[in-house]
Amino acid sequence: MKTFCGRANPTTGATDWVEESEEYDYHQEIARSCYADMLHDHDRNKKYYQGIRAAVSRIKARGERVVVLDIGTGTGLLSMMAVTAGADFCYAVEVFKPMAEAAQCIVKKNNFSDKIKIINKHSSDVTVGPDGDMHEKANLLITELFDTELIGEGALPSYQHAHQNLVTAGCEAVPHRATVYAQLVESELLWSWAQLQPADVEGARLVPPPTVGRCAGAHSVCDVQLSQVSPRSFTPLSPLCAMFSVDFSKPVSSAFQSHSTSFVARSGGRAQVVLSWWDLDMDPSGTIVCSMAPSWTYQQPAKAPWRDHWMQSVYFLPAERQVAEREELSLTVCHDDYSLWYSLQPHSLQDAQAATPPPRPCCTCQAHLVWTRPRFGELNDRRRTGSYVAALRSVLSEDSVCLSVSDGSLLPVFAHMLGAKKVFSLENSRMSKQVIEEVLEANSKKGGVELLEIRPEQLTSQDLRGEQISILMGEPYFSTSLLPWHSLFFWYCRTALAGLLRPTATILPCSASLHVVAVEFQDLWRIRAPCGICEGFDVTPMDEMVQRSLDFRESREAEPHPLWEYPCRALTHPTAVMTFDFTQCVPQEPISSQGSLPFIRTGRCHGVALWMEYHLTDDVTVSGGLTQPISEQQGDCEWSRHRKQGVYFLRSAWDSLGDGRTSVSYSFTFEPSLGDVKMDFSITGH
C-alpha cells in the first residue's frame, strides 16, 4: 500500500508530496541501523561470550537451573551464546518488531527454538507467571542496553524494573559492572566546539556576546571517535579518574545521583573539557574487561578494538577555569536516568558541592540551540574565516548593498565591518535572528545589519527599502542540510531572488562543484558489511533483512558521515564530477555527468566519498571535504571537521591492483525539479 507523504526538501526548501510505500520509514531504519557494526565487534562479542560462560558455570556450581533474561536481544546472539554455554532456557526481549522477527529466524536457523523464546515487548511490559511472557524469574540477567554515554538508551530504568520484577535476588549479571572514567583537559580544538571565539576581520576584532560566554551550553553529550583526536590537541590537567561504578547484579536506581573525585592538577592551564568513556567488567572479579578507551591509551594503538556503536564522550564545563599545577581539585559527575554532566570545583568546596550538586546544563543564550558543535567549530575556524573575508574584500565597494542567505551566519557581520553601504540578512528563525543581533550589539554594531525573518521567495523590494542587491552572499550553510549537495538550497534562493538583484550583481560563491574519490575505509566498512557467521552462529537472516531494506528503493542512496572520524585511503584521484553555476538561475533541464575513476593504488574499495567545494571567487575556494592534498604514496585523506561528507557504499568491496586498468564508473544526474542528485557506480574494465 502506498500513501502520499509530505517531506521537507532540504535542497529546494519546498514541501514535496511524494507517493511512498507505508514501509518506507521501516526500511530506512533497518538500512541505517548499526546492528552490523555490533556483530562485527569481535572484542565485544568475545568478552560477552567469556562472561556468559563464566556466569553459567557459577550458577551450575550452585546446583541451580540457569534461566536467562536477555534484554535488548537484537539478533539473539547473546541468548544463543548462553544456551551453548549450558543455560537451560532463555527469555530474549526485543522491542523493535523487525529485529524481533529477525531474531526469531536466526534462533530457528541455529536450532535453538526449543531453548529461546523471543518476546517482542519493552522489558517493562514483560510479565511473569503461568500465563505470563516468562514462566519464572531469571537468575542470569544479560543485557546490551548501552550507548556511548552508557545510560542514554534507558539502561538504568530497564535494570531497575528487571530487578524489581523479572529476576531473582542475588542473580548473576553479564555484564557484571560498568565503570565510568573521566579526564579533565585543556583543548583549544574541543573548546572551539562549545564557545564562540573572537575573530579577526582585517585587523578589527569581532568578539562573542557575553551571554554566550556565560552560558553553560547544550546539555546533550558530544559523542565522538576520540581515537581520531590527537593527544597533541589537548593537555591533560588531571589523571584518568574512575568517577563511579554500577553493579548490575544488584538492584539499580535510576534516580538522580552525583559522584565526586579529588585529584591534584598535573599541570596548570584552562580547565575546559572532560573526556569520558566506560569499561564493562563481564565478571565479578574484573578479569574479563571490555573497554571503550580510545586507541591512544593503548601501548599499541593499532590493536585497539574499533566500534561505532559505542564511542567516547566529550563534555564541556559550564565555564572554563584557570587551574594551577598541583592545585587540589574536585571533579563531580551527576546523572539522572538518561544523561551525565560534569562540574569542577576546588577540593575545599567539595562538601558544599555535594550538598548542592550542579543542575543539568541548559542553554540560556540561544546560540547553542542555533549552532551545532560542528557549526561552532566552523565559525571558529580562523583559516576559513580568512577565506570569506578575503573573498568579500575583493568584491565589496563603498556602495555595495549585500544580502546574506545562510542560517546563523557571521558573513553579514563581516560585510558590515568591511564597509558595505547596506547589509541585509535572511534568517530562518527568530532564535537565529536573536543570536546575530546579540553578536552585533556586543561589537557596538547594532543596526549595522538588517535581519529579516522572511523566506527568499517572499522577500520584496519594500523589505529592502527599495534597494537593489549588488552582492548576494552565502557560505552556504543551512541547518536542514544532511548531505553535501543539500546546500544547493542557496541556488534555489538565488533563483527566487533574481528580480531583486542588480543586473551586474555579484554572487558569492559564484559556483559550487561536487567531488568524488573512491576509498578504502580502515573500519567504517563494517557498518554495511554482511556478517554471515558471527562467533560460530549463522546470522544471515539479519544480513538478508538489511539487504532487502537497502534494495527497497530503485537506486541506492549516499549517506552522511563525518569522515575525519573514519580514516580512509584514496584509491583514485579526487575528481570534480558536477559544477553548479550560481551566477545563473537553476536550469529547467537536468544536469548529467558520466565518467570513470581509474584505480591508481592497491587496496580494497568499499565505496565512494562525496563532498562539495564552494568557489567564493575565481581565486578563493572553501572545501567541505578534503582539506589537504591526498598523500601521494599511501593516499591518506584529511577531511573537514565541520561538515559531513557523503558516502556511497558499493554492494560488494572490490580489490584494486592500482594499475589503472580497472575503474569506478559513475553516473550523476541533478534533477532541478526534485533538488536531488541521483548517482550510480559500478566497477568496469575487469
CE on M473 to CG on L396, rounded to 0.5 Å: 7.5 Å
Tell me, please, which residues at least two apart from H615 pass ring-ring contact (aromatic ring centres under 6.0 Å, His included). none
Contacts satisfying side-chain hydrogen bond (donor to acceptor under 3.5 Å, both in side chains) that involve residues 563-575 (not counting sequence neighbours) are D308-Y566, E520-R569
Between atom CD of Q312 and atom CG of L226, what is the distance when rounded to the nearest 0.5 Å? 5.0 Å
Is it the case that the side chain of W341 and the backbone of P359 share a donor-acceptor pair, with hydrogens and angles ignored and the cut-off at 3.5 Å? yes
Qualifying side-chain hydrogen bond (donor to acceptor under 3.5 Å, both in side chains) pairs, either residue in residues 391-413, two or more places apart: E202-R393, S397-D399, S397-S400, D407-N428, D407-S479, S409-E475
CZ of F424 to CG of L472: how many Å apart, nearest 0.5 Å? 13.0 Å
Would you say V323 and L329 make side-chain contact, with heavy atoms under 4.5 Å? yes
What about W310 and W277, are their ring centers closer than 6.0 Å? no
In terms of the angle between their ring planes, are F681 and F668 parallel, tilted or perpendicular, with boundaries placed at 30° and 60°? perpendicular
Does T627 offer a backbone N or O that forms a donor-acceptor pair with the side chain of S623 under 3.5 Å? no
Yes or no on side-chain hydrogen bond (donor to acceptor under 3.5 Å, both in side chains) for Q458 and T460, after CA distance, side-chain angles and deciding distance? CA-CA 6 Å; Q458 296 170 339; T460 66; over 6 Å; no
By side chain to side chain contact (heavy atoms under 4.5 Å, CB included), L369 pairs with (sequence neighbours left out) C363, Q366, M431
Could you pull out all donor-acceptor pairs under 3.5 Å where a side-chain atom in residues 269-276 meets a protein atom, sequence neighbours excluded?
from	atom 1	to	atom 2	distance (Å)
R270	NE	E186	OE2	3.3
R270	NH2	E186	OE2	3.3
Q272	OE1	S187	N	2.8
Q272	NE2	E320	OE1	2.8
S276	OG	Y181	O	2.8
S276	OG	Y342	OH	3.3

To the nearest 0.5 Å, what is the distance between OH on Y648 and CG on L610? 10.0 Å
Pairing residues for R360 by the salt bridge (charged side-chain N to carboxylate O under 4.0 Å, His left out) criterion, not counting sequence neighbours: D336
Restricting to pairs with a member in residues 214-237, which pass salt bridge (Lys or Arg N to Asp or Glu O under 4.0 Å), not counting sequence neighbours? none
For A304, which residues count as a side chain to side chain contact (heavy atoms under 4.5 Å, CB included) partner, sequence neighbours excluded? S295, Y298
Between the side chain of Q197 and the main-chain N/O of Q195, is any donor-acceptor distance below 3.5 Å? yes
Report yes or no: does Y477 contribute a side-chain atom to a donor-acceptor pair with the main-chain N or O of S487 at less than 3.5 Å? no
Evaluate side-chain hydrogen bond (donor to acceptor under 3.5 Å, both in side chains) for T332 paired with Q345, printing each intermediate quantity in order. CA-CA 8 Å; T332 297; Q345 56 281 329; 2.8 Å; yes
Whether R430 and E453 form a salt bridge (side-chain N of Lys/Arg under 4.0 Å from carboxylate O of Asp/Glu) is what I want to check. yes
Can you name the closest pair of heavy atoms from S387 and V620 and give their distance? O-CG1, 3.6 Å
So, the side chain of R601 versus the backbone of A570: is there a donor-acceptor pair under 3.5 Å, distance only? yes
Under 3.5 Å donor-acceptor, E438 side chain and T211 backbone: no
Heavy-atom count check: over 12 atoms from other residues, nucleotides or ligands less than 6.0 Å from R502 CZ? yes
Polar side chain donor-acceptor pair, D619 to T617, under 3.5 angstrom: no
Please answer whether the main-chain N or O of S429 pairs with a side-chain N or O of S432 as donor and acceptor at a distance below 3.5 Å. no
Interatomic distance, L464 atom CG to L459 atom CG [nearest 0.5 angstrom]: 4.5 Å
Between H606 and F521 (side chain of the first, backbone of the second, donor and acceptor by atom type, cut-off under 3.5 Å), is there such a pair? yes
What is the minimum heavy-atom distance between P509 and F582, and which atoms define it? O-CD1, 3.3 Å
Pair up each side-chain donor or acceptor in residues 443-451 with any protein partner under 3.5 Å, not counting sequence neighbours, and list the distances.
from	atom 1	to	atom 2	distance (Å)
N443	OD1	V207	N	2.8
N443	ND2	V207	O	2.8
N443	ND2	V439	O	2.8
E450	OE1	K422	NZ	3.4
E450	OE1	R465	NE	3.1
E450	OE2	R465	NE	3.3
E450	OE2	R465	NH2	2.8

In short, L196 meets L410 closest at the heavy-atom pair CD1-CD1, 4.5 Å
Applying salt bridge (charged side-chain N to carboxylate O under 4.0 Å, His left out), name anything that partners E378, two or more places apart in sequence or on another chain. R375, R384, R643
Any side-chain heavy atom of L500 within less than 4.5 Å of one from D463? no
How long is the span from the OG atom in S233 to the CG atom in L190, to the nearest 0.5 Å? 6.0 Å
State whether the side chain of D37 and the backbone N or O of H309 hold a donor-acceptor pair below 3.5 Å, judged by distance alone. yes
Counting the benzene-type ring for Trp, do W296 and F234 have ring centres under 6.0 Å apart? yes
Where the side chain of T297 meets the backbone of A293, is there a donor-acceptor pair that is under 3.5 Å apart? no
Only counting residues at least two apart or in another chain, list the ones meeting salt bridge (charged side-chain N to carboxylate O under 4.0 Å, His left out) with D381. none
Residues which pass salt bridge (charged side-chain N to carboxylate O under 4.0 Å, His left out) with E325, listed by chain and number, not counting sequence neighbours: none
Fit a plane to each ring of F649 and H561, take the angle between them on a 0 to 90° scale, and name the class: parallel (under 30°), tilted (30 to 60°) or perpendicular (over 60°). perpendicular
Are the ring centres of F376 and W193 closer than 6.0 Å? no
So does E632 have more than 12 non-hydrogen atoms from other groups sitting under 6.0 Å from CD? no
